[in-house]
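For reference, the structure discussed in these notes is given below.
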Amino acid sequence: MKNPRVLLSLFAIYLVFAILLNSVGTVILQVINTYGVSKSAASVLEGFKDIPIGIVSFLVASQLPRFGFKNAMLVGLAIVTAASLCMPLVPAFWTAKLLFFSVGVAFALVKVAVYSSIGLLARDRKTHASMVNTLEGVFMVGVLGGYWLFSAFIDSSDPESTAWLNVYWVLAAICALTFVLLWTTALDETGTRIEGESPMREFFAMLRLVARPLVCIYIISAFFYVLIEQGIGTWLPTFNNEILKLPPAMSVQATSIFAAGLAIGRLGAGAMMRRVHWYPVLNGCLVAMAVLILLTLPLAEGIVPKAEINWLNAPVAAFILPLIGLFMAPIYPAINSVMLSSLPKHQHSAMSGLLVIFSALGGTTGSLITGTVFEAFDGRFAFYLSLVPIGVILLSLFFFRRAVERVGRPDYPEAALSSSQ
């Protein structure tokens, strides 16, 4: 690794955005209780977050090497610092929309820049895979910490209380400290773009990547993975509250088991991927996810509210269902690393942009579908629907592996893909 301080900065940035991005499920629960909005109305917060991610990534991903990855990350941090300050100063549902819109715009800049910066630090494919898994693991640590941070400010005895908005003073301070850390860190961005290329040629080069079968199959896999993760992660607090009858604060805390599973799985996946081929590991994870859903959701039927509920007498489904995160964990980093490490450095920004675009679309789709089905039927049926995208990913990974193997030698995809320029 060339610069430990750079990697520390990237991890700090991802930690900050993990808390903000994945607070949408908690905020959905709170705006329903505090502002009295409906579930379908509250579900648009996912769209306010994800749609800007997709649009901004599409417009600027190919140009970020020209603007500078460090500059992009600094701008993103400045945006979310200001947006976080607005939440307690102007408490309203529209402010929550503004927050997630700002988070979406900022994350579009940050994720492309962070993923591209890893390519500058990694020595080889194994190092790249290890860094991506660790980065995504740190992301889930942030998600886990975020659930407990928010729950500390939630007043379960008064659902309409706005006390939970005070958490944003803390988040604004964390964002500002991360800004200072990055600002004082040097980042060598040599080799991130081809000198003399016009902006339009760089933009169309990004679009041409989509035409390649390997990239197309990869995008499908990433889209449906994020659809599952965001559908479950966003609505799990509401599922815990309405189906499992947990208090609001405890509903958020129980969701941290899901984040903990993702964090543990991703932090451990780096070591596993050094010894085992990614394809059988991911297939096993997908099958385990389906089995867990089929075995656990029946346990969530017929639960009645208890006068005194705590961790000792909570429904068993509250502990078992979130463990799906442990099996989901290796999938996203693995396919991202396989794809990115097959590309030369100057294409990492464009490919990361495509990843962010389709991940955002998958996240919005998953949240809207789950929220709509949750309201029309119930949370159990909404989560049963996750079996459909699990099946799609199983099929897409089969073709993804074949496309990777078709290019021949491990070092061949880089040459084949770079020749398309």
Side-chain angles (χ1 to χ4, degrees), residues 17 19-53 79-107 143 146-172 175 230-256 305 363-379 382:
F17 277 89
I19 298 172
L20 289 167
L21 285 164
N22 287 273
S23 67
V24 66
T26 302
V27 175
I28 282 176
L29 174 62
Q30 289 307 111
V31 298
I32 290 173
N33 292 332
T34 303
Y35 304 129
V37 301
S38 67
K39 293 185 182 66
S40 57
S43 69
V44 304
L45 291 179
E46 188 77 53
F48 270 87
K49 169 174 69 74
D50 289 336
I51 291 175
I53 292 176
I79 290 172
V80 293
T81 301
S84 295
L85 291 172
C86 289
M87 283 292 285
L89 292 174
V90 189
F93 183 42
W94 71 264
T95 317
K97 295 178 182 178
L98 176 64
L99 170 76
F100 285 110
F101 176 83
S102 301
V103 170
V105 171
F107 189 63
V143 176
Y147 287 129
W148 287 89
L149 178 62
F150 270 83
S151 67
F153 288 84
I154 293 174
D155 184 357
S156 295
S157 63
D158 182 12
E160 296 183 3
S161 171
T162 59
W164 62 278
L165 293 171
N166 290 322
V167 72
Y168 287 99
W169 295 113
V170 178
L171 292 174
C175 292
Q230 291 300 311
I232 293 176
T234 298
W235 287 97
L236 195 53
T238 305
F239 180 91
N240 291 335
N241 182 233
E242 297 195 2
I243 304 299
L244 302 184
K245 312 303 180 184
L246 303 182
M250 191 175 176
S251 297
V252 175
Q253 292 167 354
T255 306
S256 68
T364 299
T365 304
S367 180
L368 289 176
I369 290 176
T370 304
T372 302
V373 175
F374 200 121
E375 188 169 40
F377 298 95
D378 62 42

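The model shown is predicted, which means the values in this text are computed figures rather than measured ones.
- Side-chain contact between Leu89 and Thr95: absent, with no pair of heavy atoms (C-beta onward) separated by less than 4.5 Å.
- Residues Gly233 and Tyr147 approach most closely at O-OH, 3.8 Å, considering heavy atoms.
- The closest side-chain heavy-atom distance from Gln253 to Trp148 is below 4.5 Å.
- Across all non-hydrogen atoms, the minimal contact from Ala172 to Thr81 is O-CG2, 3.8 Å.
- Of all the heavy atoms in Ser84 and Leu171, the pair that sits closest is OG-CB, 4.4 Å.
- Side-chain contact between Phe100 and Leu21 is absent, with no heavy atoms from C-beta onward closer than 4.5 Å.
- Residue Phe48 holds its CZ atom at 11.5 Å from CG of Leu99, rounded to the nearest 0.5 Å.
- Ile28 and Ala42 get closest at one heavy-atom pair: CG1-O, 3.5 Å.
- Atom CG of residue Asn240 and atom OG1 of residue Thr255 lie 4.5 Å apart, to the nearest 0.5 angstrom.
- Between Val167 and Ser23 the shortest side-chain heavy-atom distance does not fall below 4.5 Å.
- Across Leu29 and Pro248, no two heavy atoms sit closer than the pair CD2-O, 4.0 Å.
- Between the CE atom of Met87 and the CG atom of Asn166 there is a distance of 11.0 Å, given to the nearest 0.5 Å.
- Taking every heavy atom of both residues into account, Val31 and Ala96 meet most closely at CG1-CB, 4.5 Å.
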- [ ] Check the pair Leu45, Phe93 against side-chain contact (heavy atoms from CB on, under 4.5 Å), reporting the backbone distance first and the verdict last.
- [x] CA-CA 10 Å; Leu45 291 179; Phe93 183 42; 3.9 Å; yes
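- No side-chain donor-acceptor contact under 3.5 Å links Asn241 to the backbone of Pro237.
- A donor-acceptor contact closer than 3.5 angstrom links the side chains of Thr34 and Trp164.
- To the nearest 0.5 Å, atom OG of residue Ser251 and atom NZ of residue Lys245 are 10.5 Å apart.
- Side chains of Asn22 and Gln230 form a contact here, defined as non-hydrogen atoms less than 4.5 Å apart.
- Between Phe150 and Tyr168, the ring planes are perpendicular. Angles over 60° get that label, and only those under 30° would be called parallel.
- Side chains of Tyr35 and Pro91 form a contact here, defined as non-hydrogen atoms less than 4.5 Å apart.
- The distance from atom CD1 of Ile154 to atom CG of Leu165, rounded to the nearest 0.5 Å, is 10.5 Å.
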